[in-house]
A.B. asks: 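There's a structure below that I have some questions on.
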Amino acid sequence: MKLADRVSHFSESVIREMTRLAARHGAINLGQGMPDFESPQAIKDAACKAIQDGYNQYAITWGAPALREAIAAKVTKFNGIPCDPDRNVTVCCGATECMMATMLALVDPGDEVVIFQPFYENYGPDAIISGAKPIWVPLRPPHWTFDPDELRRAFSPRTKAIILNTPNNPTGHVFTREELSLVAELCQKYDAFALADEIYEYIIHNDLPHVSIASLPGMLERTVTISGLSKTFSVTGWRLGYCIAPPEVSNGIRKAHDFLTVGAPHPLQMAGVAALNFPDEYYAKLKHDYTRRRDMFLPYLRESGLTVYEPEGAYYVMTDISPLGWDDDTVFVKAMIEQVGVSAVPGSSFYSPKQLGKTMVRFMFAKKDDTLHAAGTRLKELQRMRKVA
Ligand SMILES: Cc1ncc(COP(=O)(O)O)c(C=O)c1O
């Protein structure tokens with residue numbers, strides 16, 4: 001039996017493979033991007049109530065009106081993007097579906113899509129399914145910025161879109177207004193779209209501002225802003241995301257979304273309204289808690305001998321294993337799971353070609369304090385895996 005080319009080109013997610021191995025060895029899983037702490041009680045209650053109140057059938061395909069209204073209000077206020085709930089908002093099953101539906105709506109096979117790398121691993125399959133030809137532009141450590149000339153060279157009349165993820169997974173880079181201005185200039189010069197994945201918009205350390213590229217001059221008409229509830233409200237299992245797009249593009253996204261999933265879970269959409277109405281203090285605490293987790297966990301990594309690239313946002317940290325004398329990320333992570341009892345993601349998952357990430361390993365720190373301390377204590381054992389003095 002021969003599977004279709006499109007899926008045979010997907011490499012099985014290394015994250016899943018490491019998760020299985022971690023479970024087998026009782027390792028603390030700092031690989032997969034989901035919290036081990038509870039979601040806010042108020043939204044769990046709101047979800048139960050919505051089920052009891054009878055929100056159990058399909059919602060309007062592109063999102064329950066109350067949720068779209070709450071999203072539009074939030075996006076207008078927080079992101080500085082004028083937003084109409086009826087014309088600009090599409091609710092999907094997570095930011096994951098948002099990006100897929102957006103690419104299906106905008107990209108024809110053979111169109112070029114500029115993607116910064118290291119990249120969130122779903123963008124690879126998104127490109128394969130939509131037929132996009134990825135044009136990779138490196139973000140380089142330690143600050144994970146790009147070379148403006150490299151970005152200029154990546155754009156051409158064949159460019160349909162650029163995928164931009166800020167705050168960035170896996171690097172933690174928060175794109176500055178200046179960086180985004182160059183992206184905006186190139187999008188306008190080449191009549192290309194910005195597909196902005198802003199799922200970590202509230203998780204920023206160091207008091208840096210979150211800048212939405214759609215709020216820059218000339219970008220409203222050529223940006224799809226993608227976000228969702230997974231990370232901000234610690235509900236990765238709820239599968240709620242949304243796209244903010246110009247009306248014509250929204251229509252295309254809604255068509256793709258209709259045939260991909262019909263709609264996101266109706267009762268959870270109603271609970272999403274409660275979440276989006278949380279007061280400002282909720283977001284201040286979220287940010288404060290993540291910065292505290294980062295500042296608690298990174299010293300353990302530094303003490304273990306890895307090179308640590310301090311993230312400005314999101315809840316991941318990229319490290320380099322070369323100082324310990326290792327040069328193969330996957331072999332290293334497997335050994336770390338078996339000998340140290342901590343799991344992470346081999347960096348090559350975030351690069352194309354994979355070889356470029358061979359000495360990188362990504363850890364995530366969306367965990368309870370106890371979990372981070374326990375993992376940190378285990379990581380001291382990395383010294384025993386050291387291959388060089
Ligand atoms: C950059 C980025 N985008 C999207 C997602 C997925 O978001 P969702 O749960 O809303 O599908 C993730 C999850 O790890 C992510 O890191």
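These numbers come from the heavy atoms of this one structure, side chains and all, not from hydrogens, waters or symmetry mates. Predicted, not measured: the structure shown is a model, and the values here were computed from it. One-based numbering, in listed order, for ligands and for the atoms of each. Throughout, numbering of the chain's residues begins at 1 and tracks the sequence.
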A.B. asks: Between R68 and D86, does any NZ, NE, NH1 or NH2 come within less than 4.0 Å of an OD or OE carboxylate oxygen?
C.D. replies: yes
A.B. asks: Is there at least one pair of N or O atoms, one from Y123 and one from ligand 1, spaced under 3.5 Å apart?
C.D. replies: no
A.B. asks: Would M34 count as a contact residue for ligand 1, given that I'm defining contact as a non-hydrogen atom of the residue lying under 4.0 Å from a ligand atom?
C.D. replies: no
A.B. asks: Note the single closest protein heavy atom to atom 10 (O) of ligand 1, along with its residue, its atom name and the distance in Å.
C.D. replies: A95 N, 2.7 Å
A.B. asks: State whether D329 and K354 are salt-bridged, where the test is any N-O pair (Lys NZ or Arg NE/NH1/NH2 against Asp/Glu carboxylate O) under 4.0 Å.
C.D. replies: no
A.B. asks: Is D258 salt-bridged to K255, going by a charged N under 4.0 Å from an acidic O?
C.D. replies: no
A.B. asks: How far is atom 13 (C) of ligand 1 from its nearest protein heavy atom, and which residue and atom is that?
C.D. replies: K231 NZ, 2.9 Å
A.B. asks: Of all the non-hydrogen atoms in the protein, which one sits nearest to atom 3 (N) of ligand 1, and at what distance?
C.D. replies: D197 OD2, 2.6 Å
A.B. asks: Is it true that a side-chain atom of R294 and a backbone atom of P311 form a donor plus acceptor pair closer than 3.5 Å?
C.D. replies: yes
A.B. asks: Of the listed options (F119, W238, Y120), which comes nearest to atom 5 (C) of ligand 1 when hydrogens are ignored and any heavy atom counts?
C.D. replies: Y120
A.B. asks: Before signing off on this row, confirm whether S230 and ligand 1 have an N or O atom pair separated by under 3.5 Å.
C.D. replies: yes
A.B. asks: Is the shortest distance from a heavy atom of R239 to ligand 1 less than 4.0 Å?
C.D. replies: yes
A.B. asks: Less than 4.0 Å between a side-chain N and a carboxylate O, is that true for D280 and K77?
C.D. replies: yes
A.B. asks: Does the side chain of N122 come under 3.5 Å of the side chain of Y120 through a donor N or O and an acceptor N or O?
C.D. replies: yes
A.B. asks: Against heavy atoms of N165, which atoms of ligand 1 measure under 4.0 Å?
C.D. replies: 1 (C)
